[in-house]
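One structure is given below, encoded as structure tokens.
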Amino acid sequence: MAARIAHISYYLPSTEFTNDEFFKLFPELNGNANLEKIGVRKRVISAPGETASDMAVKAAKKLFDEHHINPADIDFLLYSSLDFDYKMPATSCVIHGELGLNFNCGTLDLSHGCSAYVYALSVAKGLIQSNGAKNVLLLTANTLTKDIHPRDKASRFVFGDAAAATLITASDLGGIQHCVFGTDSAGYQKIIVKDGGSRNPLNEKSFEEFSDEFGNTTSRAQFFMDGTGVFLFSLKRVPVLVAETLKKNNLAQEDIDLFIFHQANLYMIGTITKKLNIPPEKVFNNMQEIGNTVGSTIPIALAQALATGILKKNAKVMLIGFGVGLSLSSTVLYLD
């Protein structure tokens with residue numbers, strides 16, 4: 001028994017944060033060449049008090065409505081996020097109740113951020129192949145903008161908030177192919193919120209501000225990213241990941257009809273694809289209008305590529321995630 005992506009729906013918050021608004025806050029950056037390379041024109045921002053799980057529930061209900069799915073048919077719920085409602089219980093248990101899923105529907109929380117979608121697809125595939133599940137609901141959602149310091153200019157320019165709902169089903173056709181993963185744990189502090197967990201509980205110093213060489217301000221209780229370090233990691237590791245994914249799936253690069261990379265920033269994706277000699281027309285990007293939405297970038301891009309007809313039946317698409325951890329993940333989908 002194989003596993004395939006049957007449907008994807010997504011939820012975007014109604015609040016937009018445009019470049020005009022950004023440059024009113026930081027006029028000294030207007031015309032900055034490095035920011036222009038990133039490629040974002042506007043991002044979507046979650047409302048005050050709106051949690052990642054709230055957005056996940058909205059995405060799931062939209063999926064049910066758009067594709068006439070009965071919640072009673074869901075065998076397992078996966079919630080993939082960096083934002084959880086409580087220290088305990090699992091947020092997937094809370095969402096289970098919000099969606100009115102059956103008592104015999106299992107739930108599981110997953111993290112990993114930017115690489116999480118392919119990780120979660122692999123888990124869903126395993127539940128179908130080894131445990132007999134027929135319908136797995138995968139929800140990805142993050143509200144990273146709530147963890148960004150108001151004067152962290154680089155991060156505020158890049159990131160947005162969103163949620164996506166993916167239905168993975170059992171199939172006689174091979175949809176989700178072999179997955180490849182990687183972890184560069186030596187760089188785990190390059191993307192981090194240092195305080196607030198068990199290792200470093202919040203204390204009187206957690207909100208003390210510090211700035212990097214570019215004038216981006218944050219604190220130990222808020223989001224920090226070493227942008228240069230992440231760029232170098234991605235440029236070194238992602239091309240190798242792509243090659244290993246092709247090899248594991250017995251494919252040549254020319255066999256892939258479309259590449260969907262995690263929407264980290266357009267300059268990074270462009271640099272990686274040039275290194276791999278991938279034609280620009282074989283790469284789909286959408287972060288220009290919504291920003292980097294962490295774990296939801298790949299499913300939203302995949303949904304939009306399908307909706308616009310860029311991806312057609314019998315196409316092969318490669319999904320490539322990379323980021324928090326530092327972690328990587330990739331797979332190939334056969335579209336039926």
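Predicted model only: the values in this text are computed from it and were never measured.
Within a 6.0 Å sphere centred on NZ of Lys134, heavy atoms belonging to other residues, nucleotides or ligands number 12 at most. More than 12 heavy atoms of other residues, nucleotides or ligands lie within 6.0 Å of NZ in Lys316, so this atom counts as buried by the packing criterion. Enclosure of atom CZ in Phe210 by more than 12 non-hydrogen atoms of other residues, nucleotides or ligands within 6.0 angstrom is indicated.
Note on ring orientation: taking the six-membered ring where Trp is involved, the planes of Phe157 and Phe23 are tilted (angle from 30° to 60°). Ring pair Phe261/Phe259 is parallel by interplanar angle, where below 30° counts as parallel and above 60° as perpendicular. Ring pair Phe181/Tyr119 is tilted by interplanar angle, where 30° to 60° counts as tilted.
A continuous path of hydrophobic side-chain contacts links Leu276 to Leu266 [ILVMFWY only; heavy atoms under 4.5 Å]. Both Val283 and Phe231 are members of a single hydrophobic cluster when ILVMFWY side chains are connected at heavy-atom separations under 4.5 Å. Cluster membership for Leu167 and Leu99, using ILVMFWY side-chain heavy atoms within less than 4.5 angstrom, is shared. Residues Val230 and Met287 are members of one and the same hydrophobic cluster, defined by side-chain heavy-atom contacts under 4.5 angstrom among Ile, Leu, Val, Met, Phe, Trp and Tyr. Note on Ile298: it does not cluster hydrophobically with Leu137, by side-chain heavy-atom contacts below 4.5 Å among ILVMFWY residues.
Side chain of Ser81 to backbone of Ala141: a donor-acceptor contact under 3.5 angstrom is found. A donor-acceptor contact shorter than 3.5 Å is absent between the side chain of Asn216 and the backbone of Asp212. With Ser115 contributing its side chain and Ser329 its backbone, the two residues share no donor-acceptor pair below 3.5 Å. Side chain of Lys275 to backbone of Lys236: no donor-acceptor contact under 3.5 angstrom is found. Asn131 places no side-chain N or O within 3.5 Å of a backbone atom of Ala133 that could act as its donor or acceptor partner. Between the side chain of Ser330 and the backbone N or O of Val180 there is no donor-acceptor pair closer than 3.5 Å. The backbone N or O of Asp73 lies less than 3.5 Å from a partner atom in the side chain of Asn135, making a donor-acceptor pair. Judged purely by atom type and a 3.5 angstrom limit, Asp195 has no side-chain atom pairing as donor or acceptor with the backbone of Asn203. Here the side chain of Asp109 pairs a donor or acceptor atom with the backbone of Ser92 at under 3.5 angstrom. Under the 3.5 Å distance criterion, the side-chain polar atoms of Lys248 are matched with a main-chain donor or acceptor of Cys179.
By the 4.5 Å heavy-atom criterion applied to side chains, Phe76 and Ile128 are not counted as neighbours. The side-chain heavy atoms of Gln304 and Phe284, taken from C-beta on, include a pair separated by under 4.5 Å. No side-chain heavy atom of Thr15 sits under 4.5 Å from any side-chain heavy atom of Val44. A 4.5 Å side-chain heavy-atom check between Ile191 and Leu326 finds at least one atom pair inside the cut-off. With a 4.5 Å cut-off on side-chain heavy atoms, Asp147 and Asp83 count as touching. Proximity of Pro299 to Tyr10: side-chain heavy atoms (C-beta onward) are nowhere separated by under 4.5 Å. Thr107 has its side chain out of reach of Tyr79: every pair of non-hydrogen atoms, C-beta onward, lies at least 4.5 Å apart. By the 4.5 Å heavy-atom criterion applied to side chains, Val238 and Phe233 are not counted as neighbours.
Side-chain contact check for Ser171 and Thr169: no donor-acceptor pair (N or O, by modelled atom type) lies under 3.5 Å. Judged by distance alone, the side chains of Ser327 and Thr183 never bring a donor and an acceptor atom under 3.5 Å apart. For the residue pair Thr140 and Ser80, no side-chain donor N or O sits within less than 3.5 Å of a side-chain acceptor on the partner.
Between Asn286 atom CG and Ile300 atom CD1 the span is 7.0 Å, to the nearest 0.5 Å. For the atom pair CG (Leu319) and CD1 (Ile5), the distance works out to 6.5 Å, reported to the nearest 0.5 Å. We find the CZ-CG distance between Phe64 and Asn70 to be 8.5 Å, quoted to the nearest 0.5 Å. Separating the CG atom in Leu328 from the CZ atom in Phe322 is a distance of 8.5 Å, to the nearest 0.5 Å. With rounding to the nearest 0.5 angstrom, the CD atom of Glu50 is 11.0 Å from the CD1 atom of Ile45. The structure places CG of Asp75 at 9.5 Å from CG of Leu127, a figure rounded to the nearest 0.5 Å.
Scanning all heavy atoms of the two residues, the minimum distance from His262 to Gly321 falls at CB-CA, 4.0 Å. Residues Ser198 and Lys87 approach most closely at OG-NZ, 4.0 Å, considering heavy atoms. Gly295 and Tyr117 make their closest contact through O-CB, 4.0 Å (heavy atoms, listed as atom of the first residue, atom of the second, distance). Residue His149 comes nearest to Thr218 through the heavy atom pair CB-CA, 3.7 Å, listed as atom of the first residue, atom of the second, then distance. The two residues Leu12 and Ala162 come nearest to each other via the heavy atoms CD2-CB, 3.7 Å. In terms of heavy atoms, Phe224 sits closest to Asp226 at CE2-N, 3.8 Å.
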Exercise for the section: Go through Arg43 and Glu16 one step at a time and tell me if the salt bridge (Lys or Arg N to Asp or Glu O under 4.0 Å) criterion holds. Expected result: CA-CA 6 Å; Arg43 345 75 205 111; Glu16 293 182 345; over 6 Å; no

Exercise for the section: Take Leu25 and Phe17 through the test side-chain contact (heavy atoms from CB on, under 4.5 Å) and record every step on the way to the result. Expected result: CA-CA 11 Å; Leu25 294 174; Phe17 181 41; 3.9 Å; yes

Exercise for the section: Please report the C-alpha distance between Thr91 and Thr51 in whole Å, then the side-chain angles of each, then the deciding distance to 0.1 Å, and finally whether the side-chain contact (heavy atoms from CB on, under 4.5 Å) criterion is met. Expected result: CA-CA 11 Å; Thr91 301; Thr51 68; over 6 Å; no

Exercise for the section: Start with the C-alpha gap between Leu311 and Leu302, add the side-chain angles, then the distance that decides, and say whether side-chain contact (heavy atoms from CB on, under 4.5 Å) holds. Expected result: CA-CA 8 Å; Leu311 274 175; Leu302 180 58; 3.6 Å; yes

Exercise for the section: Before giving the answer on side-chain contact (heavy atoms from CB on, under 4.5 Å), spell out for Leu78 and Ile168 the whole-Å C-alpha distance, their side-chain angles and the decisive distance to 0.1 Å. Expected result: CA-CA 11 Å; Leu78 299 174; Ile168 301 102; 5.9 Å; no

